[in-house]
Amino acid sequence: MSDFEGSHRRYNPLLDEWVLCSPHRLKRPWQGQIEATAPDARPAHDPTCYLCPGNERAGGARNPPYATTYVFDNDFPALLPAAVTGETNDGGLLVAQSVQGTCRVMCFSPRHDLTLARMSAEEIRRVVDAWADQVAELGRSESTQYVQVFENKGAMMGCSNPHPHCQIWATGHVPYYPAKKLQAQKRYFEARGRDLLGDYLERETAARERIVCENDHWVALVPFWATWPFEAMLVPRRRVPDLPSLTPRERDAAADIMRRLCARYDNLFRTSFPYSMGWHGRPTDGEEHACWRLHAVYFPPLLRSATVRKFLVGFEMTGEPQRDLTAEQAAARLREMGETHYLAE
Ligand code: H2U
C-alpha cells in the first residue's frame, strides 16, 4: 500500500492491535461539543496548591521549600505495599490476584505556572535524572517487577492539579501494556535477532513521513499505528533498555526532544496541550531483556482546536479504534510548528 487516501487498517506490532483509518472523512461537518477554554494564567506560587513548595498537602504533610524536583509518597496511593487479597480463580471466569506496589508523585519544578513545554532543557534534564533515579531505586526492590512513570496533563485528562508533576507507580506485577510490549518485542527478537523498535526506527528515518523532530540521540515521531490524533513516540537511536541506562548525553538529548515536542504541541492550537504520557522501559525483574528498547508514548486528546477533542466512543468502544487524520498528516502539522513556545514569542 503506497497511499493512504481510502479507509484502511493499520497494525500496532507493539500491542498486537489494529486501528481503523478513514482519511476521506476529514471533511464531514462538525456539530459536536465545543468546550470552554479557561485562560492559562497561573501564579508562580499558589498558596492553595498541594504541590507548591512550603505548602501543606491534602494528607497533612508539608512540602519542603524545594528548588528543583521533589518526590514524595502519594498520600492517596492506588497500590498498597502489602498484598492482602489473595488469589481467586473460579473456572477461569472469576479470576483475581492481589497486587502490591508503591505510588509516588514527582513535582517537576517549584514553579506552579510552568509546564515541561516552558521549562528549559537544563531544568528538564533534572527531571530526566530524577526519573532515572526513581526507576533505579524502586526497581531494585525484589518485590517490584515494573516501574511506570507517567504524566497526566490538563483538566481534560482528569489531572487534579495544574502544578507540573507526574506519578511513579512501582508494581509487583508487569502491568497490561508493558506486558504486551514485552511479549511482542521478545517474539520479534527471538525470530530475527534484532529489536523491534530499532527496525521500526530504521524504516521511519528512511521514510521521514512521520518524524516530527529529532536530535543526535532521539527521534520524535507519530507512530504509523497512532490512535490519538497527535499521538507521538520518543525513540532513542541506541537500544537503551531503560531510563537509568541513558548516558549523560542521551539524558540531555531526551530533555531537548521533550521540550521541543511539547512546545510544538502547545503551538499547534495555542493552548497548554493536554495529554497522558508515559515511559516504557524494561521490566525491573532482574532480567536483561535484550529485546527491549526504551520509549515514551504521548496520548493527547485534542483533534482540531483547543476545545475540540477526540472521543474514543461508538465504534471505538464496540469495534476497534478509528481515526480520520492520518499519522502522516498529523506529523506534517506538528513539523510546521515552531519550537519557540507561543507564550514566549
Ligand atoms: P494527577 O497526576 O492525576 O493529577 O494525580 C495527582 C496525584 O497526587 C494523585 O494521585 C496525589 C493524588 O493522590 N496527591 C497527593 O498525594 N497529595 C496531595 O496533597 C494532593 C494530591
Side-chain angles (χ1 to χ4, degrees), residues 4-38 40 115-117 150-160 162 166 176-177 180 204 209-213 220-234 258 261-278 280 295-337 342:
F4 296 108
E5 282 173 21
S7 51
H8 61 280
R9 293 168 91 208
R10 297 191 186 192
Y11 180 62
N12 179 340
L14 274 172
L15 292 177
D16 188 26
E17 289 177 355
W18 291 85
V19 55
L20 173 65
C21 303
S22 319
H24 54 283
R25 262 171 109 231
L26 278 175
K27 293 194 180 78
R28 86 195 150 112
W30 172 262
Q31 290 187 312
Q33 178 183 356
I34 303 287
E35 294 162 46
T37 37
D40 190 25
T115 60
L116 289 176
F150 65 96
E151 179 190 4
N152 263 345
K153 176 172 174 266
M156 202 181 267
M157 294 308 291
C159 184
S160 60
C166 73
Y176 182 75
Y177 291 114
K180 287 203 84 173
E204 290 294 10
E209 282 178 296
R210 285 169 292 272
I211 292 180
V212 176
C213 54
L221 53 88
V222 179
F224 180 75
W225 52 81
T227 292
W228 294 95
F230 294 96
E231 185 174 326
M233 232 173 135
L234 301 181
M258 287 177 70
L261 174 66
C262 291
R264 285 172 188 269
Y265 270 163
D266 283 10
N267 290 344
L268 184 64
F269 299 133
R270 294 179 81 82
T271 192
S272 183
F273 214 64
Y275 59 71
S276 272
M277 71 80 66
H280 279 154
H295 54 285
V297 286
Y298 285 77
F299 303 123
L302 291 181
L303 175 62
R304 54 179 91 188
S305 72
T307 56
V308 178
R309 62 163 293 168
K310 163 142 188 101
F311 290 96
L312 283 176
V313 295
F315 190 78
E316 287 139 324
M317 287 184 122
T318 58
E320 63 192 14
Q322 182 273 341
R323 62 182 289 133
D324 297 346
L325 187 76
T326 63
E328 296 74 42
Q329 289 166 331
R333 294 278 308 278
L334 289 169
R335 266 200 307 273
E336 282 163 18
M337 296 299 122
Y342 73 94

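All heavy atoms count here, side chains included; hydrogens, waters and symmetry mates do not.
For Asn152, the side chain to side chain donor-acceptor pair (under 3.5 Å) partners at least two apart in sequence or on another chain are Ser276. For the side-chain contact (heavy atoms from CB on, under 4.5 Å) test, residues two or more places apart in sequence or in another chain that qualify with Gln329 are Leu26, Leu325, Thr326. By the side-chain contact (heavy atoms from CB on, under 4.5 Å) test, Ala232 is found to be paired with Leu261, Tyr265, Tyr298, residues two or more places apart in sequence or in another chain being considered. For Ser160, the side chain to side chain donor-acceptor pair (under 3.5 Å) criterion is met by no residue, not counting sequence neighbours. Judged as a side-chain contact (heavy atoms from CB on, under 4.5 Å), and not counting sequence neighbours, the contacts of Pro301 are Met156, Met157, Trp228, Pro274, Arg309. Taking the side chain to side chain donor-acceptor pair (under 3.5 Å) definition, one finds that Glu17 meets it with nothing, sequence neighbours left out.
Checked against a 6.0 Å centroid threshold, the rings of Phe224 and Phe4 count as neighbours.
With Arg335 contributing its side chain and Ile211 its backbone, the two residues share a donor-acceptor pair below 3.5 Å. A donor-acceptor distance shorter than 3.5 angstrom exists from the side chain of Asp266 to the backbone of Phe273, with no hydrogens or angles considered. Using a distance-only test at 3.5 Å, with no hydrogens or angles considered, a donor-acceptor pair links the side chain of Asn12 to the main chain of Leu15. At least one donor-acceptor pair under 3.5 Å links the side chain of His8 to the backbone N or O of Gly6.
For Phe315, the CZ atom is densely surrounded, since the number of other residues' heavy atoms within 6.0 Å is greater than 12.
Counting only heavy atoms from C-beta outward, the side chains of Leu302 and Phe230 never approach each other to under 4.5 Å. Gln322 is listed as a side-chain neighbour of Ser22, based on a closest heavy-atom distance under 4.5 Å. Proximity of Arg323 to Leu20: side-chain heavy atoms (C-beta onward) are nowhere separated by under 4.5 Å. Counting heavy atoms from C-beta outward, Val212 and Val222 have side chains that approach closer than 4.5 Å. At least one side-chain heavy atom of Asp16 sits under 4.5 Å from a side-chain heavy atom of Tyr11. When side chains are defined from C-beta on, Leu334 counts as touching Leu268, because their heavy atoms get closer than 4.5 Å.
Expressed to the nearest 0.5 Å, how far CZ of Phe269 lies from CZ of Arg304 amounts to 9.5 Å. The CE atom of Met233 sits 12.0 Å away from atom CZ of Arg210, with the distance rounded to the nearest 0.5 Å. Distance check: Arg25 CZ to Asp324 CG gives 4.5 Å after rounding to the nearest 0.5 Å.
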Between Met277 and Val297, is a side chain to side chain contact (heavy atoms under 4.5 Å, CB included) present by the stated rule, with each step listed? CA-CA 5 Å; Met277 71 80 66; Val297 286; over 6 Å; no
Quick one: do Leu14 and His295 satisfy side chain to side chain contact (heavy atoms under 4.5 Å, CB included)? Show the steps, please. CA-CA 11 Å; Leu14 274 172; His295 54 285; 4.1 Å; yes
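When every heavy atom of Pro300 is checked against every heavy atom of Pro229, the shortest pair comes out as O-CD, 4.0 Å. Of all non-hydrogen atoms in His280 and Tyr177, the two that sit nearest each other are CE1-CB, 4.4 Å. What you find for Thr227 and Lys310 is that their closest heavy atoms are O-CE, 4.1 Å.
A salt bridge does not link Arg264 to Glu336: none of the charged nitrogens lies less than 4.0 Å from a carboxylate oxygen. Using a cutoff of 4.0 Å between basic side-chain nitrogens and carboxylate oxygens, Glu328 and Arg333 are not scored as salt-bridged.
A side chain to side chain donor-acceptor pair (under 3.5 Å) with Tyr275 is found for one member of Lys153, Glu151, Glu231 and no other, namely Glu151.
For the pair Arg9 and Trp18, the cation-pi test (distance below 6.0 Å, angle within 45°) is passed.
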